[in-house]
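Reminder, nothing fancy here: chain letters follow the sequence lines and each chain counts from 1. Quantities reported herein were computed from a predicted structural model and do not represent experimental measurements.
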Amino acid sequence: MSERQIFANLLRSCSKNLLFEQGLQAHGAVVKTGLGFDLMLNNDLVDMYGKCGRMELACAVFDRMIERNVVSWTALMCGYLQNGNANGSLSLFRKMGSSGIKPNEFTFSTNLKASGILGTPENGMQIHSFSAKTGFEWVPAVANSIIDMYSKCGRISEAARMFNAMPVRNLISWNAMIAGYTLEGNGDRALLLFRKMQEQGEIPDEFTYTSTLKACSGLGAMQEGTQIHASLITRGFPYSVQIASAGALIDMYVKCGHLIKARRVFDQIDAKNVISWSALILGYAQEGNLVEAMDLFRQLRESTYQVDGFVLSGLMGVFADFAHVEQGKQMHAYTIKVPSGLDISVANSMVDMYLKCGLTNEAERLFGEIPVRNVVSWTVMITGYGKHGLGKEAINLYNRMLAENIEPDGVTYLAVLSACSHAGLIKESQEYFSRLCSDRWIKPRVEHYACMVDLLGRAGRLKEAKNLIENMPLKPNVGIWQTLTSACRVHGDLEMGMEVGEILLRLDGDNPVNYVMMSNIFAEAGHWKDCERIRETVKRKGLKKEAGRSWVEIDKEIHFFYNGEDNHPLTKRIHEVLKEMEKRIKEKVGYNHGVRFALHDVEEESKEESLRVHSEKLAIGLALVCGGLDNEEKKVIRIFKNLRVCGDCHAFIKGLSKVLKVVFVVRDANRFHKFEGGFCSCGDYW
DNA sequence: CTAGGGTTAG
């Protein structure tokens, strides 16, 4: 074997096994032997450095080469791609074109993959047609990459067209198409294709299984998932395959609500990895079992596996949802100690957590410290401002984002529109909505229309709101009708309320929330008979609405309350304080029980009584008992509620904030309410 | 030198 061939083999082995130090030594030896200008060896060097994550060295070799062929260029592109720089690969692709070198199938595959990662179809389409012109389109690897590119760019129909037109399909073609449907959220189609490929004699591999399991997760299809699990075992795949699919398998059971089975799979895998750990931890956490989740997380930390950004951001998201500030802060402290704490998704999830816990200043500080913010970072912040009723600030932030050349996406528009909605900025919202409609790449969704309906409804422009729903190009969903119904209630438009309510009940007649809304409309209008009729229906159908639950954190401990609950050790004191407060508010601000809100609890018998024990009041009572009555300046009491805060409680807290020198921040299912000096930041519309 | 996968932030 020639010396040159020996070096090539050595370099390829370093590349494959990521042996940077040895590769560096081999590089030195190549130069010493006088082979420093050999084309093939230089290509291998570019590849080796790229694989080892040393792009500066890969570029240096590439720049010093006296001749370059298509392999040299493609190797460098792969380096960029594998080091997370898809744009780098694409711009190199363009440069290669202008230097007169023709791409081959490898160049096409690489850059199609890069386009898929960027997720915007323009680049990919160009490369697709380029490959067609140069006769590479139907080379299997290229065609597969085109399918992958289109499905990652949200052009599933293009992907399917390609797939159907392929003269020869291999396993990878099937996998790419199945993954595409799964990604699109069309799990049914994915499973259909999975069956079809087996009918045609194709044997699934680990990638097929992970994709189809993911499809089952999305569908909540436990039966299909279990079948796939079974065939994974009966086909006798080697361990490596089971490991690769374990994360998806556990996640499937988690998403189907079967934690016990998920746990069983986890316990049965000999070789776990960080993904199987994360899937299970987040499963427990999202279910509300934080004790088990955190215990597993501790075990993960103490294990040899590296905690990654996925599990950190996932847990942070759970703390945000449950408003567990203390846990969130502790996790924040932990992220500073681990490398994955620097992940952008972790930073974003922390900003979101602070915002959802009502600590706006902390969120702002953290947001300012993110070195490279992406569209999610900005959207989180805009959403947060919006929920705090800070519409102007949200819009300012949005403009700053545009100034920094960050492209908004559909969620960003949702954040801006809902910020306008919470702050009542109608003119502004119409401007942004028309911008959205004329955006080339973003399609308005029902949720965007719902924001506009909410805005118009809030302004009392109910006819316009109804018109918008009836004329929108999308199929109205339950949520958007609920928005309109609720606006009818606020403005006391009985006629439209009944009309819209009928639509709502036809569409979603088993949701107690809809009946509550209807009975409220009738109650507002004094139609007690109709109100009674609705109540009867709810009883007859046996519908139960989600139980109202509030919580408050006191001395790093969270106390939960359900409506009418009386098993807290301090219950007696809580009721005493609430009674006392009620008296003081009645004297000072003439507060009275608003019976109009009593129907939030359709199952309750006594309205007065049910109001007095709403969970948010109990939580506030406890906070007051535990030192909230000190009446010191700048005292803030934070309360969280799973549903929307009821109107009576809202009035009560407003009164409290006037009687006491306390600021109350209440996060409900919709937004934040900041009560200060007898006023609420929501302007009494919520 | 090349194609496919698992947990994940708004």
Side-chain angles (χ1 to χ4, degrees), chain A residues 12 15 40 43-44 46-48 50-51 69-79 81-82 103-113 116 139-149 151-152 170-180 182-183 205-214 217 241-252 254-255 273-283 308-318 320 340 343-353 355-356 374-384 409-412 414-415:
Chain A
R12 281 166 208 182
S15 165
M40 180 184 76
N43 287 345
D44 286 330
V46 171
D47 170 56
M48 183 274 295
K51 285 278 191 308
N69 61 9
V70 60
V71 177
S72 334
W73 285 89
T74 308
L76 193 62
M77 291 175 202
C78 284
L81 195 60
Q82 276 151 9
N104 65 10
E105 66 264 45
F106 297 105
T107 327
F108 280 118
S109 285
T110 306
N111 288 288
L112 284 162
K113 189 178 177 191
V139 174
V142 176
N144 290 340
S145 301
I146 294 172
I147 295 175
D148 177 55
M149 179 275 294
S151 54
K152 290 223 169 75
N170 60 19
L171 177 60
I172 295 161
S173 324
W174 289 95
N175 284 351
M177 204 57 228
I178 291 174
T182 305
L183 191 71
D205 69 356
E206 71 233 64
F207 297 109
T208 328
Y209 283 116
T210 40
S211 274
T212 45
L213 283 168
K214 206 181 162 194
S217 298
V241 176
Q242 290 188 31
I243 295 164
S245 302
L249 198 52
I250 293 168
D251 186 54
M252 184 273 294
V254 163
K255 295 267 162 63
N273 62 8
V274 65
I275 295 167
S276 37
W277 278 89
S278 306
L280 191 65
I281 291 174
L282 295 177
D308 68 4
F310 284 100
V311 67
L312 289 179
S313 53
L315 279 172
M316 206 63 82
V318 173
S340 54
D343 284 13
I344 181 77
S345 59
V346 176
N348 291 344
S349 68
M350 286 200 288
V351 172
D352 187 49
M353 183 274 294
L355 283 168
K356 286 196 176 137
N374 64 11
V375 61
V376 177
S377 328
W378 290 93
T379 307
V380 165
M381 211 54 212
I382 294 169
T383 306
D409 63 14
V411 189
T412 319
L414 210 54

Using a heavy-atom cut-off of 4.0 Å across all strands, would you classify [X] as base, sugar-phosphate, or nothing?
X       : value
D343(A) : nothing
V380(A) : sugar-phosphate
V375(A) : base

- Message: Let me confirm one number: the CH2-CG distance from W174(A) to N144(A), rounded to the nearest 0.5 Å.
- Response: 12.0 Å
- From L280(A) CG over to I275(A) CD1, what is the distance, rounded to the nearest 0.5 angstrom?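 Answer rounded to 0.5 Å: 14.0 Å.
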Is [X] side chain donor-acceptor paired with the [N] base, going by distance under 3.5 Å alone?
X       : N      : value
S313(A) : dT8(B) : no
D205(A) : dG5(B) : no
T210(A) : dG5(B) : no

- Let me have DNA chain B in dot-bracket notation, would you? Count Watson-Crick plus G-U wobble pairs, both distances under 3.5 Å, and use [ ] for pairs crossing earlier ones and | for inter-strand partners. ..........
When you measure from the side chain of [X] to the backbone of [Y], do you find a donor-acceptor pair of N or O atoms at a distance under 3.5 Å?
X       : Y       : answer
D47(A)  : G50(A)  : no
S377(A) : N374(A) : yes
S211(A) : T208(A) : no

From [options], nucleotide with atom closest to [X] side chain:
X       : options                 : value
N374(A) : dG6(B), dA9(B), dG10(B) : dA9(B)
T379(A) : dG10(B), dT7(B), dG6(B) : dG10(B)
T412(A) : dG6(B), dA9(B), dG10(B) : dG10(B)

Check the distance between [N]'s [atom2] and [X]'s [atom1] and give it to me in whole angstrom.
X       : N       : atom1 : atom2 : result
L213(A) : dT7(B)  : CG    : P     : 10 Å
D251(A) : dT7(B)  : CG    : P     : 5 Å
I281(A) : dT7(B)  : CD1   : C1'   : 10 Å
I382(A) : dG10(B) : CD1   : C1'   : 10 Å
M316(A) : dA9(B)  : CE    : P     : 13 Å
D308(A) : dT7(B)  : CG    : P     : 12 Å
M350(A) : dG10(B) : CE    : P     : 14 Å
L280(A) : dT8(B)  : CG    : P     : 12 Å

- Is the shortest distance from a Lys or Arg side-chain nitrogen in D251(A) or K214(A) to a carboxylate oxygen in the other one below 4.0 Å?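 Looking at D251(A) and K214(A), the cut-off is not met.
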- Checking side-chain hydrogen bond (donor to acceptor under 3.5 Å, both in side chains) against N175(A), which of T210(A), D205(A), T212(A), N170(A) comes through? D205(A)
Under 3.5 Å, N/O pairs linking protein and nucleotides 1-3 of chain B:
from: dT2(B); atom 1: OP1; to: K51(A); atom 2: NZ; distance (Å): 3.1

- Task: Dump the intermediate steps for side chain to side chain contact (heavy atoms under 4.5 Å, CB included) on D343(A) and S313(A), then the final yes or no.
- Result: CA-CA 9 Å; D343(A) 284 13; S313(A) 53; over 6 Å; no
- D148(A) and S145(A): side chain donor to acceptor below 3.5 Å: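 Absent: no donor and acceptor within the cut-off.
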- Item | Side-chain heavy-atom pair V411(A), T383(A) within 4.5 angstrom cut-off |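 No, too far: nothing below the 4.5 Å cut-off.
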- Query: OP1, OP2 of dG4(B) versus side-chain N and O of K214(A): anything below 4.0 Å?
  - Reply: no
